[in-house]
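First listed ligand is number 1; within each ligand, the first listed atom is number 1.
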Amino acid sequence: MKVLSTSIFLIFFYFTNVSAVEITGYPLKNIAKNTYVIQGPLEYPSKKNKGFMNNPGFVVTKTGVVVIDPGSSVQVGRMVLKKIKTITKKPVTHVLNTHIHGDHWLGNQAFAEAFPNVVIMAHPEMIKHAKAGAAEQWVSLMSKSTEGATNGTRAVIPNKSINDKQILKAGGVEFRIYAPEKAHSFTDIMINVVEEDVVFLGDNVLYKRLPRMDDATFKGNAKACQIALDLAAKTYVPGHGASGGKEIVIPFMNYLNTIYAEVSKHYEAGMTDFEMKPKILLKLQKYFKWSGFNDEVGKHISLAVLEYERDSF
Ligand SMILES: [Zn+2]
């Protein structure tokens, strides 16, 4: 009996705790006529930020709303939905996920619950990896790193694939898809919202934050930046950090190109990654204040060495 009452208490505690988690304090930014972004914090997921760390966006069309990357948890997804309701009563017709990393798409659940017919789209490789176990890994990683703030979140995997050069037309708005190869995660799409002159970059570009490059290649990612720049859009939305013009894309592309070029040069001179690090740091002073710099830069040099070895042999 005691065991039963304890477990009832725990279940009650769990559910009240889940519903108590609410994400507040992030303003909605109107970045183009009908396009909005909520800029998340730059840090890694934590108890403090409750896992919220990306830039969820949405576009209001004639007939509905298209959401891009609704965040890391059902709680973040609900926050995004609440913001949408302050702008329009139209239903959400589509959700687009830029890639496999869970901080961008576990918020899908909030939209699947509110709009059972919503079409959720991503790169076919994203869907494949999510189904093969990445989805569950991300759910548990988010829960662990936020000490349970994302609990109650379940992975709603996209139900339709979309790939390079495909176009989604929704409510009179054209969403052109660019899927650069071997870029940030091998599952990436970038979305050009043509009428709004906006490009959602996913994590192919971050602003004032360094990425994890563990699933990326420096050359492929820099190429993705160039594809985005070639679109000459008025507004770019990075995966993390402020939105803006091409000045959002260029520093990140320069960072990737600098690391790869420097690593190639010092590798050819016979240096190990450990020996070349102080020399490369001299070229990266502009990035010292970027979030995650100290955690990531050493790893980036080692990863670029491996990539250069793969490319050269
Ligand atoms: Zn990512």
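Rounded to 10°, the angle formed at the Zn ion (ligand 1) by H184 NE2 and H99 NE2 is 100°.
A distance of 9.5 Å separates CZ in F200 from OG1 in T235, rounded to the nearest 0.5 Å.
Proximity of I68 to I191: side-chain heavy atoms (C-beta onward) are separated by under 4.5 Å at one or more points.
For D203, the N, O or S atom closest to the Zn ion (ligand 1) goes by the atom name OD2. Taking the Zn ion (ligand 1) as reference, the nearest N/O/S atom within H101 carries the name ND1.
Each of T146, T150, I38, D103 was scored for a side chain to side chain contact (heavy atoms under 4.5 Å, CB included) with F52, with one residue passing: I38.
Between E181 and K223 there is no salt bridge, since no side-chain nitrogen of the basic residue lies less than 4.0 Å from a carboxylate oxygen of the acidic one.
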